[in-house]
Amino acid sequence: MQQYATRGVHGQTVEIIAQRILTGELAEGDTLDIAALQAEFDVSLTALREALKVLAAKGLVDARPKRGTFVRPRANWSLLDADVLRWQFAHQAQPGLLADLHELRSIVEPGAANLAAARATEADLAALESALADMAAAGSDVPAAVEADLAFHRALLTATHNELLLRMEVVIETGLAERDRMVHGAVGTDDPVPSHRAVVDAISQRRPAEAEQAMRRLLEKAVQDVARLGDVPAPRDADRDGRQ
C-alpha cells in the first residue's frame with residue numbers, strides 16, 4: 001500500500017477497493033472476502049467496515065445477511081459523486097468517459113454562456129476576468145493552468161444564477177480537472193486564452209447568442225486538444241458543426 005501512503009489508512013482502503021470495483025477486478029455480484037482484505041491492508045475490522053460504509057454510501061457495495069458484502073451493479077453506482085468520478089478518471093476505469101464529458105459539456109455550457117450573457121453581474125464578470133488573467137499568467141505551470149481553467153468554468157456556471165446548473169459544477173469540474181492535466185501537460189499545447197476570451201467578451205457585451213457560439217467553438221477546440229493526445233475516444237455522433 002506504499003503508493004497510497006499519503007492518503008491515510010482509511011483513505012487508502014477506500015480508494016484501493018473502489019479502484020478494483022471500477023476497473024472490474026471486483027465484478028458485479030462478487031462477494032468481498034472481508035478477512036482477506038483485513039489481512040491484506042493490515043487494518044482493524046472496524047476500520048475496514050468504515051471504509052465499506054463509504055463505498056456503500058456511493059452505491060458501489062451493499063451488505064446482506066447470509067450473503068455478506070458484495071459489489072452492486074453499475075446502474076446503482078452514484079456516478080455523479082465527486083469521488084466516484086475522480087476515481088474513474090484517475091484509473092481510466094471507463095474508456096468513454098472523456099467522450100461522455102464532452103457530450104455533457106456540449107449540452108450544458110453553451111446554454112450556460114447564453115444565460116450568463118443575460119444575467120451576469122459585475123462580480124461575475126470580474127470572476128471571469130480574474131480566471132482569464134490567471135490562465136494567461138499560468139504559462140507552462142500545469143497545476144496553475146488547470147486551476148485557472150476550473151475557476152473559469154466555475155465562474156461561468158455561477159454567472160447563470162441558476163442553482164441547478166451550478167450543481168453541474170461537481171461533474172464538469174471533476175472531469176475537466178483530469179482532462180486538463182492531460183492536455184496542459186502535453187507538449188505543444190495551444191494558448192487557451194483566446195478561445196476563453198471570446199466567451200467572456202460576448203458575455204460582457206450582453207450578446208447571448210454570440211456567447212453560446214463562442215462556447216461551442218471553445219468546446220470544438222477542446223475536442224481537438226484531446227484528439228492530439230491519441231488513444232482517446234472521440235465524441236459520438238458529432239455533426240458537421242462539431243455539435244452533439
Side-chain angles (χ1 to χ4, degrees), residues 1-105 142-143 146-147 150 154 164 166-186 226 229-233 236:
M1 291 174 62
Q2 290 181 350
Q3 66 269 40
Y4 299 94
T6 61
R7 300 177 186 171
V9 173
H10 180 267
Q12 295 166 15
T13 305
V14 171
E15 294 221 3
I16 295 172
I17 298 174
Q19 175 186 355
R20 293 176 183 178
I21 294 171
L22 292 167
T23 58
E25 183 180 341
L26 286 170
E28 174 185 330
D30 281 356
T31 299
L32 277 63
D33 187 333
I34 301 301
L37 289 172
Q38 185 182 356
E40 177 188 353
F41 299 147
D42 191 23
V43 295
S44 69
L45 182 57
T46 298
L48 181 57
R49 284 176 173 166
E50 287 301 315
L52 293 174
K53 284 181 182 179
V54 173
L55 296 173
K58 298 177 185 300
L60 299 181
V61 301
D62 197 0
R64 298 286 174 82
K66 298 182 180 180
R67 181 175 177 181
T69 302
F70 60 94
V71 179
R72 301 185 72 188
R74 183 179 176 84
N76 297 120
W77 298 354
S78 300
L79 294 177
L80 299 185
D81 178 90
D83 285 331
V84 176
L85 280 168
R86 178 174 57 82
W87 293 331
Q88 288 186 92
F89 277 106
H91 301 297
Q92 299 181 340
Q94 184 71 5
L97 206 55
L98 277 175
D100 288 348
L101 174 66
H102 175 73
E103 288 182 346
L104 175 66
R105 294 180 66 198
V142 173
V146 171
E147 182 51 43
L150 296 181
R154 191 183 306 125
L164 297 182
L166 185 55
R167 295 302 187 272
M168 297 303 298
E169 174 189 350
V170 66
V171 181
I172 292 176
E173 184 167 321
T174 302
L176 190 58
E178 297 300 329
R179 175 255 176 214
D180 280 356
R181 289 186 186 102
M182 292 188 296
V183 170
H184 291 296
V226 172
L229 301 177
D231 299 324
V232 178
R236 296 177 288 276

Item to complete: Determine, step by step, whether L26 and V61 satisfy the side chain to side chain contact (heavy atoms under 4.5 Å, CB included) criterion, reporting the C-alpha distance in whole Å, the side-chain angles of both residues, the deciding distance to 0.1 Å, and the verdict.
Response: CA-CA 11 Å; L26 286 170; V61 301; over 6 Å; no
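Interatomic distance, H10 NE2 to L48 CG, rounded to the nearest 0.5 Å: 9.5 Å. Atom CD of E169 and atom CG of L150 lie 9.0 Å apart (nearest 0.5 Å). Atom CZ of residue F89 and atom CG of residue L97 lie 3.5 Å apart, to the nearest 0.5 angstrom. The structure places CG of L55 at 9.5 Å from CG of D83, a figure rounded to the nearest 0.5 Å. Interatomic distance, CZ of R105 versus CG of D100, reported as 13.5 Å (0.5 Å rounding). Rounding to the nearest 0.5 Å places CD of Q38 at 13.0 Å from CG of L32.
A 6.0 Å sphere centred on CZ of R72 holds more than 12 heavy atoms belonging to other residues, nucleotides or ligands.
For the residue pair K58 and D81, the shortest heavy atom distance occurs at NZ-OD2, 3.0 Å. Here the closest non-hydrogen pair linking V170 and A82 is CG2-CB, 3.5 Å. Residues S78 and A57 share a closest heavy-atom pair of OG-O, 4.1 Å. The minimum heavy-atom distance linking A51 with T13 is given by the pair CB-CG2, 3.7 Å.
Using a 4.5 Å cut-off on side-chain heavy atoms (C-beta onward), F41 and Q12 make no contact. Inter-residue side-chain proximity for N76 and D62 is flagged as unmet; no heavy-atom pair is nearer than 4.5 Å. With a 4.5 Å cut-off on side-chain heavy atoms, I17 and L60 do not count as touching. Looking only at side-chain heavy atoms (C-beta outward), V71 and R20 stay at 4.5 Å or farther from each other. Looking at heavy atoms from C-beta onward, V14 lies in side-chain contact with W87 at the 4.5 angstrom threshold. Annotation: side chain of Q88 is in contact with side chain of L79 (closest heavy-atom distance under 4.5 Å). For the pair R49 and T46, the minimum side-chain heavy-atom distance is 4.5 Å or more. Looking only at side-chain heavy atoms (C-beta outward), L37 and D33 stay at 4.5 Å or farther from each other.
For the side chain to side chain donor-acceptor pair (under 3.5 Å) test, residues two or more places apart in sequence or in another chain that qualify with E173 are R154.
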